[in-house]
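Just so we're on the same page: letters track the sequence lines, and every chain starts at 1. Since this is a predicted model, take the numbers as computed values, not measurements.
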Amino acid sequence: MMTNSKLLTASVHENIIELIPWYVKDKLTSAEKELVNKHLQTCENCRNEVVVCQKTMASLPQSALTWKPSPAHFAGIMAEVDKVEAASSSLASKSKQKKGKINWLSSLGSIFSHTPSSIKWTLALESIAIAGLVLFLVLPITIKTIPTNSFETLSSDESKSSQNTSSIILVLADDMTAKELTDLLRETKAQLQSGPSETGVYTVTVESAASDNALRQFKTHVKVRLALLHAETPVKDR
Amino acid sequence: LASSVDEKIGIDLIKRISAKDRKAFEEFYYLYAEGFGRFLMKMLKNPDWVDEAVNDVMLTVWQTAERYNADLGRLSTWLFGIAHNKGLKTLERYARNRDTVLSEFSVPDDDDETASEQIIDKAQPTHVGPEQTVMGWQLGEAMSWAFDRLSQDHQTVIELCFSEGFSYEEMATIMDCPVNTVKTRLFHARKRLSDMLARKGYHFADLNGASS
């Protein structure tokens with residue numbers, strides 16, 4: 001275990017060794033310098049430390065490479081400065097714009113906060129009325145565009161627009177199947193135009209040239225109750 | 001040297017720079033950049049990297065001049081803190097391409113005697129004197145060889161202490177570490193220098209007798 005005097009000496013040594021670079025550089029106060037000189041008389045390590053510092057300071061290597069400021073280098077720095085300034089001014093203007101928007105909104109809010117509630121309600125009702133009027137004008141147009149066919153058809157749309165066709169009205173037996181109807185239409189080369197209506201009437205189209213033949217076939221089919229050309233008046237029941 | 005420029009002149013320039021005075025910035029550049037360059041050259045050992053690091057230092061000064069507070073320390077301490085930081089960042093940036101760094105700028109291990117001899121051969125003499133010649137090497141060359149083998153922190157602390165004359169507290173501010181760390185680094189840096197020079201035949205105890 002170290003004695004008190006040894007501890008004190010160790011502490012002094014540590015303090016002195018910290019001062020040695022400044023002792024060598026002659027930057028100590030006279031009191032500090034005297035303290036170091038006194039310690040050096042008895043401490044070989046610190047004397048060596050003084051030499052290390054002296055030689056280090058005297059022989060500190062100068063870099064073989066040198067660097068000098070130049071107008072070209074400064075011009076490069078100023079170009080960077082210009083970039084930074086441009087970026088910061090752009091940021092400042094954006095923040096100003098944002099601030100302007102916020103100000104506009106806050107002033108609008110401020111106006112509303114000072115508006116009497118009766119006027120606020122009137123404005124709200126007016127807004128609802130305008131919205132309703134707009135909907136009223138827009139909605140019918142939308143409705144018209146919705147297809148109105150609510151029945152399943154076996155014919156194609158093209159048949160409706162055909163010009164050289166004749167329409168035949170049919171009333172079919174209740175027990176007639178879809179297959180039988182399809183077969184009949186194929187045999188007669190007819191196409192279903194519409195039906196069944198609320199009274200169970202179908203309208204089919206056939207080429208005008210084949211309408212008589214088709215009409216004959218319809219009339220002779222066991223499951224056709226009634227068949228007549230569209231212009232015809234029913235004269236008989238089967 | 002940047003650390004020896006008159007503080008009053010520097011502070012006046014910094015005030016004008018904080019008001020975005022470009023003329024003051026130019027004056028500041030020609031007054032301080034050489035000191036930054038010399039300090040950074042020892043740290044980076046590559047003129048192109050120094051160009052870049054001085055550029056970064058100057059840009060930081062332009063952007064943050066208003067933050068300097070004379071009550072908190074000398075202007076040179078603040079400026080060297082920026083320079084040291086930018087130097088480290090530059091080293092870090094280029095060290096990412098480690099192969100390049102190792103092949104072109106690395107320092108050989110202490111045990112790599114062959115490489116060490118080659119460096120000594122290339123070293124330029126900095127001091128000439130009969131008492132400094134040991135085993136055919138001049139002390140300046142040997143010191144240069146040993147200094148290059150110190151760690152970056154040890155080199156920086158030696159530079160700041162012996163070349164720039166900063167105090168322990170100022171070095172702590174510049175290197176952003178506690179004062180005791182600086183004291184320890186400076187002590188170990190000196191010890192390491194002396195040990196390495198001893199391996200090459202320089203014994204400071206002997207030189208003590210020779211030079212005194």
Side-chain angles (χ1 to χ4, degrees), chain A residues 13-29 32 37 40-41 43-89 91-92, chain B residues 20 22 25-26 29-34 36-38 40-42 45-47 50-51 54-56 58-59 62-63 122-124 126-127 132 138-148 158-159 161-163 165 167-168 183 186-187 189-191 193-194 197 202-205 207-208 211-212:
Chain A
H13 175 76
E14 279 174 19
N15 287 332
I16 296 295
I17 214 162
E18 282 177 11
L19 292 177
I20 285 173
W22 282 267
Y23 172 80
V24 169
K25 291 191 285 178
D26 200 17
K27 299 277 182 187
L28 295 181
T29 62
E32 286 171 330
N37 278 331
L40 288 177
Q41 286 171 6
C43 182
E44 194 186 347
N45 283 342
C46 282
R47 281 203 299 275
N48 286 338
E49 195 62 33
V50 168
V51 178
V52 172
C53 286
Q54 280 172 340
K55 296 299 173 190
T56 304
M57 198 164 75
S59 315
L60 204 60
Q62 299 299 310
S63 178
L65 299 164
T66 54
W67 188 91
K68 295 275 179 193
S70 67
H73 184 251
F74 184 68
I77 294 171
M78 289 317 291
E80 290 283 319
V81 165
D82 287 340
K83 272 187 205 170
V84 168
E85 293 295 299
S88 64
S89 67
L91 266 177
Chain B
K20 302 300 173 199
R22 290 181 176 227
F25 190 56
E26 188 174 3
Y29 172 78
Y30 285 108
L31 208 53
Y32 282 91
E34 190 171 355
F36 297 147
R38 186 185 38 72
L40 289 165
M41 186 62 88
K42 286 188 182 175
K45 299 173 181 69
N46 179 317
V50 174
D51 260 2
V54 173
N55 201 82
D56 290 349
M58 291 298 297
L59 209 56
W62 175 261
Q63 288 175 302
K122 287 177 186 172
Q124 296 296 313
T126 52
H127 282 267
Q132 289 175 323
Q138 287 162 2
L139 179 58
E141 291 171 335
M143 184 66 87
S144 183
W145 166 82
F147 187 81
D148 279 347
I158 290 269
E159 272 298 313
C161 175
F162 291 106
S163 285
S167 68
Y168 282 124
K183 288 177 179 176
L186 189 56
F187 175 76
R190 288 181 339 233
K191 190 173 183 309
L193 269 181
S194 130
L197 290 172
Y202 285 90
H203 295 283
F204 283 119
L207 288 173
N208 188 13
S211 61
S212 58

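- At a 4.5 Å heavy-atom cutoff, the contact between B/Gln63 and chain A is made by side-chain atoms alone.
- Annotation for B/Gly37 and A/Trp67: closest pair CA-CE3, 3.6 Å, computed over non-hydrogen atoms.
- For a residue to count as touching a neighbouring chain, one of its non-hydrogen atoms must lie under 4.5 Å from one of that chain's; by this rule B/Lys191 does not touch chain A.
- If you take CG on B/Leu186 and OG1 on A/Thr56, they are separated by 9.0 Å, rounding to the nearest 0.5 Å.
- Shortest non-hydrogen contact noted between B/Met58 and A/Ile77 is CG-CD1, 3.7 Å.
- Of all residues spanning residues 78-87 of chain A, those with a heavy atom less than 4.5 Å away from chain B's heavy atoms are A/Met78, A/Glu80, A/Val81, A/Asp82, A/Val84, A/Glu85, arranged by number.
- Nearest heavy atoms, A/Trp22 versus B/Cys161: CH2-SG, 3.9 Å.
- A/Ser70 approaches B/Tyr30 most closely through the heavy-atom pair C-OH, 3.7 Å.
- Using a 4.5 Å heavy-atom cutoff, the side chains of B/Ser194 and A/Lys55 are not in contact.
- Taking all atoms of both residues into account, the shortest heavy-atom contact from B/Asp51 to A/His73 is O-NE2, 2.9 Å.
- Residues A/Cys53 and B/Phe162 have side chains in contact (heavy-atom distance under 4.5 Å, counting atoms from C-beta outward).
- For chain A, no part of B/Leu40 is nearby; none of its heavy atoms comes within less than 4.5 Å.
- Closest non-hydrogen pair, A/Glu49 versus B/Phe187, comes out as OE1-CE1, 4.4 Å.
- Residues forming a salt bridge (charged side-chain N to carboxylate O under 4.0 Å, His left out) with B/Asp56 (at least two apart in sequence, or on another chain): B/Arg93.
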